[in-house]
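Below is one structure, written out as structure tokens; comments come after it.
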Amino acid sequence: MQDRAEFRVSVEKDYLVFASAHFITFAGHRCEALHGHNYRARVTVEGALNQESWFVFDFVELKKIMRRLCDEIDHLVLLPLESPRIQVVEDGERVNVSVDGKLRYVFPRRDCALLPIPNTTVEMLARMLASRLQRELYTQGARGLTAIEMEVEENFGQSAVYRVTLNVPS
Ligand SMILES: [Zn+2]
């Protein structure tokens, strides 16, 4: 019987940041005012060694994908499309944002990132980035990956980590 061994590769780079605006809702009727963060992403991918290349996944490709995912939401207002309390409605070149049914903001559409999440917390941003990364990795033919761990930091020393275990095709 063979020992089960896995490797972890991590990427944390100065350019894996996104400076974005957001506001979140809390339980009850509380809701933040619009503000911004210099978010930072950090990713770890776990899995078996690729027997031809002797790596888990190509660092160059992993960095490229992560940079693209961060660039997609950089310098934008992050808005949740699945919030029960925040209504985001596209209206031509504008996006109307209501909270609890009352219009609160109107943004230019090009300055917004409409995201498939219920609230723009670091937890939900980490989960969203992890699932986007997972899709990209599979598209690029990654095999043998067993887990993705995505960390998103919104302030120095204040972050959330999302970890997803992947089913390895047998
Ligand atoms: Zn915030």
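Owing to the predicted nature of the structure, the values given are computational and were not obtained by experimental measurement. Ligands are counted one by one from 1 in listed order, and the atoms in each one are counted from 1 as well.
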Item to check | Other ILVMFWY residues reachable from Phe26 by side-chain steps of under 4.5 Å | outcome: Ile24

Item to check | Connected-component partners of Leu103 among ILVMFWY, side-chain separation under 4.5 Å | outcome: Val106

Checklist entry - How close do Asp74 and Ala19 get, heavy atom to heavy atom, and via which atoms? => result OD1-N, 2.8 Å

Checklist entry - Under 2.8 Å from the Zn ion (ligand 1), which protein atoms of type N, O or S occur, listed by chain and number? => result His22 NE2, His35 NE2, His37 NE2

Next on the checklist: Using a 4.5 Å cut-off between side-chain heavy atoms of Ile, Leu, Val, Met, Phe, Trp and Tyr, which other residues end up in the same hydrophobic cluster as Val161?
Outcome noted: none

Checklist outcome for this item: Separation between NE2 (His22) and CG (Leu79), nearest 0.5 Å, reads 11.0 Å

Checklist entry - So, are Arg42 and Glu149 salt-bridged, with charged N and O less than 4.0 Å apart? => result no

